[in-house]
Each structure stands twice: as structure tokens, then as C-alpha cells.
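Only one structure is covered here, and it is reproduced in the block below.
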There are 2 protein chains.
Amino acid sequence: MSVSIQDVADRANVSISTVSRVLNRRNIVNEETRKRVESAISDLGYSPNVFARGLMLRKSHILGLVLPDLHGEFYSEVIRGANLRARELGYNLMISSVVAKDDGSELMAAVGDHGLVDGLAVMISEVNARTRATLEKIKIPLVVLDGDVEGVKHDSVVIDQRTGVVALLRHLIEDCQARRIVFVGGLETNIDTIERLEAYREVTAEAGLEVAAGDVYHLDYEYDTAFELGVKKVREWARRRAFVFAANDEMAAGIIDAALAAGLSTPDDLPVVGFDDTRVATMTRPRLTTVRVPMSSMGAAAIDLLCQRVENPKRPAVKLSLETELVVRESCGAAAVVTKN
Amino acid sequence: MSVSIQDVADRANVSISTVSRVLNRRNIVNEETRKRVESAISDLGYSPNVFARGLMLRKSHILGLVLPDLHGEFYSEVIRGANLRARELGYNLMISSVVAKDDGSELMAAVGDHGLVDGLAVMISEVNARTRATLEKIKIPLVVLDGDVEGVKHDSVVIDQRTGVVALLRHLIEDCQARRIVFVGGLETNIDTIERLEAYREVTAEAGLEVAAGDVYHLDYEYDTAFELGVKKVREWARRRAFVFAANDEMAAGIIDAALAAGLSTPDDLPVVGFDDTRVATMTRPRLTTVRVPMSSMGAAAIDLLCQRVENPKRPAVKLSLETELVVRESCGAAAVVTKN
DNA sequence: TACTCCAGTGAAAGCGCTGTCAGTTCTTGA
DNA sequence: TCAAGAACTGACAGCGCTTTCACTGGAGTA
């Protein structure tokens, strides 16, 4: 079938041990012998069988990346960053998504189990008992993206959302004279929403802003639902001179459009800001003031940590925090820093 | 270390052969024995070692997907479709991108070589001598996405762009009274651009429309460059009552914005249509009339073909053509079919 | 000269699995 | 009662590789 180490050995008149040695650059092989072997290898176009190698070495050089959903720019950028870095480091990337409403155990197992991958980077949007249980079973190097799972040993890469939210809201309060800020987030169980909401409460409290009972909404990060909510609420919000802080750009876009549909304009009647700085942030008119989240860096960082851990399993657990950046455009009403489209 | 087939055999008081048999559901194993083995398996949490298995079977159950670039919604949707289908079929998906200006040989080899993957789905935006040479070396099942490489045996999944372009342009000509249509495409070597341009020439010729020498532009599929071109050209186009057919939505958006910046409005002064029906198509104002390309279906179809070929290598080569769909919104000036945002 | 040492090499033992082949019972029919 | 299957099961030979261990011959040492 394919050319094996034995074929190379035969052609170079050495034993397979020697071929293996030149392959692994371990013990010193005689200069001359090595050259003979190397030319045999290239003549035959030989490359070692991954399975045989994996069987011996217990290493596949494959890293797994599990995402909650492959939809949207956010995930696609994470994949992109991860893929690039993995390749730089000589690893292959295996990707898997966890279907939204599945608890993910099975799929996680599909990638993480049976020793195929050397390490696993997992992004979980919602930590519940079942996901925790699944993660606990993983015995290979694990990096958790954008979250932290208690009781499970792992490295993690998080986004410093707090700082981003703080910068964003301070900008609204200090530079745009916001006196009331409405929060439109994702599901209450969503990890990002939780963090962003928490920071929102801190900042508003600290600044002495009133947050009425109805000022916090939980949607699903989609344009459509935000638009629908907007249709019902924009007039009221505008009347109360509220600013809208949407927990992602899609929802911010939905609300801007709802305002427009109601004959209101952003930012004059209803300033709106988003989060993530995805493609839509520059597609809305006015363009969104938002917080840039280093999506692809996140993927890359996860792979970095994973490799380090794979190659040095005893390194203590690391938690890497990635900085965000406030991007001021026009939707907040005070364009200070205008970035290029 | 990990639990092996031997451990299961010991615990169930059988030989490893029997365990292997129950695993592979081949020869009939005694009912009672089978149960004993099965409970031993679940007690021990055993799952067969992929490497050992791959070594014997010459099958990894891993499929490779190579894309020209992981950027953008188009690719991310392809990945999504492929991933979902692969999982449904019990395969794992390994992803790799080919860095834009690299010839791709190395990366393609990285995934396709050394027998790691059972099959390879490749999307190449530009077929040149080097990529062809690389593809010729691939001896495993191969599916080419959105293209066809002569002299290489492979299945392929293509998008029926011609029909899409025809429907789109006919709509402009017949329903919107277009008498002049400007074409803004990607690079001249880009495979999609070539096809779309060809169809464009056919339709305009057939309808007796004049295509001036300067009416065909080659950009790079990006918003920015289209915007720049638009800044220079929109007035002239508007004066000549031209319609703009941009070969993707991003460029269409760039041109609409350029028109707006020049004080012109779409569709009144300058109708613009796009292609792909990505997220931006509904973010522009007016929203884009465009052609929906079944991106995730493309990924799924590729995986389908790949599996079929992996499981039945002698099946004759197949070329699957995916239908596109005209989506009429407002940017063309004649909203007939208005789809939901 | 006899000894140790060492660089360089080969033989062979697995890694965990599948698949072939050869038993070993247990039926069954004559 | 016995041959001939049928129904199961186990022993074992690899798959292609790494790695240990043993061996060789020549250099260094006493």
C-alpha cells in the first residue's frame, strides 16, 4: 500500500531502528548513514504513519476545539485564530460544535474521548451541572474559553469584559451625559451576559444612576428579537432620555432599526451602544460605539496554552485575560474617537 | 494508563477477540457473553484506541476541510454545514485554511498527507499549476468545492452561479428596466468572478445591452475597495443611469455607501445588487437585492460526497450542483419579492 | 597485550487493535 | 453411536512505529 519505514530501511541498507533514529533526531546517527537514509526518505516520498506513531507516542498532534455554536462572526473568528496558531505550532485542529440545546456531553466526548486529541479547548456559553460533569471527565489538557469551571483543573482564556463595560459606560455617563442606561442582554444564564450585567450594575450604582426594575432585558443576542423589543420600547426609552447598552452588536443594530421604524433617530433621540465590534458595528447607520473583543486572539491564545500544557503537563494552571478596547463611533452621540470603517 | 481491550477481556472473562467481536458487531457472539462484555465495557468506561484501530483499519473517521481563507461569513457557513453533517455521519472534521498568498501545497499536505484523514474536501479560489500539482498528489477521496480541476479525479460540489446571475440580471433588465449594468467583481483569476462575469456577458449580450470597455471592474471582494471605487464612479454611473452588479454583498454595500456619500441614493439614483445573501445584505439601507448562495449546504454536500466515496471508493465521480435563489429586496428599485429581514 | 569505553547499529519487544484460523462444545441426522 | 456441521470462542499474527538492549569494532587506557 503505502511506503513504510521498512521500505526506507531497505533502500538505505540500514535497519528500521536507524531510520527511526534519523526521523526523531535522537541519538546521533553517523553523518553518512543519515544522509543515505534521508535521501531514501525523499526518494520514496515517505512520511511516517500517524497511527503507528500515535500508538507508540500517545500523541496525535491534534487539538480539539469545541464551540457552543458555529454560527456568527464571533465563533468564526475564534476558529480562525485557533487554526492559524495551531498550524504555526505544528498541530492540527479538529473542530466540533455543540448543538444549542443538547447538553453537549456526547459531542464533547466525541472529540475529547478515545484519545484522539492531545488537548481540548472548550467554549461553553452556559455552565450547568451536566457540562461540569462532562468536563470533569476530561483527563487531557483542557483550556476553557471565556469561562471558568470550578472544581475542574484547566487553563482558561477570558475576555476582560468588565473593563470593557466600564470604559463603555463611563464614556456614556461622562462624555455623553447619560443619566439612564437600559441593559439589553442575552439569556440570564449566559456567561457573558452575566458578566456584562454585573459590570453594568456596578458602574451605574457607582455613578448614582437609577436602574428601574424594567431596565434590564434578557433576549437571545439576535437582531430580530431586539428589533421586536425595540418596536415596543423605543418611544418610552426616548421619552425617558435613556441610552441603550446592548450586550452585542446584533441587538444594538436591531434596536437602532426599531427606533428608525418608530421615527426616532440614533443617537439624537435614542443613543445605542453595542458590544463585540463585529462586522455589523460598522454597517449600521450611525455606526456603533462598541467594545472590541479580540476574538481571533482568543482562539490563538487558547491554542497557545493548550500546546504549552500538552508539552509540559505539570505547568501550573494559567488564566489569561484578554484586553478589550472601547471603540467610539457615532451611535452614542459623542464621537470622540472615530475609527476607520 | 488507559483502559485497553485486554482489561475489558479480563473483567468479562473472555479473550480480546470476543471483546473485539462485540465491539464490531460482526460475528454473532453469544447473547450472555455479549452482555457480560458490554457491562465490562461500560464499567470500565472503555473506548477503543483510535490509533490502534486506525493502524489496522486504515481508517481514521476524520475528514479534512481545506479552505482558502477562514475569513468571512461565507467560509464560516461552509464550515458550519460541513461540521454538522460530519457529526451526523459519525466523522470528525479537521479544518485547515490556506494562507492567502501561500500556494497551499504545504498546508494541503499537512492535512491530506500521512494518512491522517480519510478524505479531503478542498475549496480553491484560484486554480493554478501549483495547486493542480498538489491536488494530483492526493490519493485519498477528494471533493472539490466550488470548482473543478481538470485531470484530477474527484467529486465536486458547485454552485449554479450561472442561473443565479441570469435570474438576477433578467430581473434588473425586465422588471427594473435596466439598460446598462456595470459589473464589479473580484480578482480576474477568482473562479467565482470568472463564472459570474461570463454569465453577465451572456445575459447582457442576449438582451442587447451595451457593455462599455470600462464597465467591468476587478476588485477584491472587500467593502473598502468597493467604497473607494464608488467614490470615484458613482456620479458617472448615475448619470448614465447604470445599475451596479457587485459580485458579492460586501462590495455592493461599499458602493451603496459611496453613493450616499456622494449625495446619491440607492435605488433611485443608483440601483445596486449584490451576490451571496450574507448578513450584510440585510444590513444595508436599502437592503440588498441579491442571490442566495446555499453556503452551509455546500459544506454539508461536500461531506456527504466524501463519506460516500470513502465508504465506496469505486463509485463514479459525481458533480453536484447547488441551486441559488434570487432574493429581491429594495436596492434594485423594484421590490417584488420582499423577504423577511 | 588486555582491558574498558563508546559511537553506531540491529534485533526484537511491544503499543492496542482486528481478523484469520484453529479449536471446543453442542446439535443434528443417519 | 458416530460423523458432520453449527455455534462460539481463543490464540496469534500482524498493522508501522519507537525504544530498549545487546552487539560490533575501533579508540583509549593501563
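All chains are named by letter (A, B, ...) in the order of the sequence lines, taking the proteins before the strands, and each is independently numbered beginning at 1.
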For C:dT18, does OP1 or OP2 lie under 4.0 Å from any side-chain N or O of B:N24?
-> yes

Residue set satisfying side chain to side chain contact (heavy atoms under 4.5 Å, CB included) with B:H154, at least two apart, ordered chain then number -> B:L142, B:V144, B:D148, B:V149, B:V152, B:S156

Can you find a side-chain donor-acceptor pair between A:N24 and A:R53 that sits under 3.5 Å?
-> yes

Do NZ/NE/NH1/NH2 and the carboxylate oxygens of A:E38 and A:K35 come within less than 4.0 Å?
-> no

Do the charged groups of B:D118 and B:R58 touch, with an N to O distance under 4.0 Å?
-> no

Counting heavy atoms from C-beta on, name the nucleotide in C:dG8, C:dC17, D:dT19 closest to the side chain of A:N30.
-> C:dG8

Options C:dG16, D:dT9, C:dT18, nucleotide nearest the side-chain atoms of B:L23 = C:dT18

Polar side chain donor-acceptor pair, A:Y221 to A:N190, under 3.5 angstrom | yes

Taking atom P of D:dT18 as reference, at what distance in whole Å does atom CZ of A:R53 sit?
-> 5 Å

Send over the distance from B:R58 CZ to C:dT18 P, rounded to a whole Å.
-> 14 Å

Just the atom pairs and distances: protein N or O near nucleotides 10-12 of chain D's N or O, under 3.5 Å.
unit_1, atom_1, unit_2, atom_2, d
D:dG10, OP2, B:S15, N, 2.9
D:dG10, OP2, B:S15, OG, 3.2
D:dG10, OP2, B:T18, OG1, 2.6
D:dG10, N7, B:R21, NH2, 2.8
D:dG10, O6, B:R21, NH1, 3.2
D:dA11, N7, B:S17, OG, 3.2
D:dA11, N6, B:S17, OG, 2.8

Nearest-nucleotide comparison on DNA chain D, the residue closer to the 5′ end among B:R34 and B:M56 = B:R34

Short question: side chain of B:D160, backbone of B:L322 - any donor-acceptor pair under 3.5 Å?
-> no

Would you check if the side chain of A:R309 reaches a backbone N or O of A:P316 as a donor-acceptor pair within less than 3.5 Å?
-> yes

Five pairs at each end of the helix from C:dT1-D:dA30 to C:dA30-D:dT1: take the axis at both ends and give me the angle between them to 10°.
-> 50°

Taking A:D7 for its side chain and A:S4 for its backbone only, find out whether a donor-acceptor pair lies under 3.5 Å.
-> yes

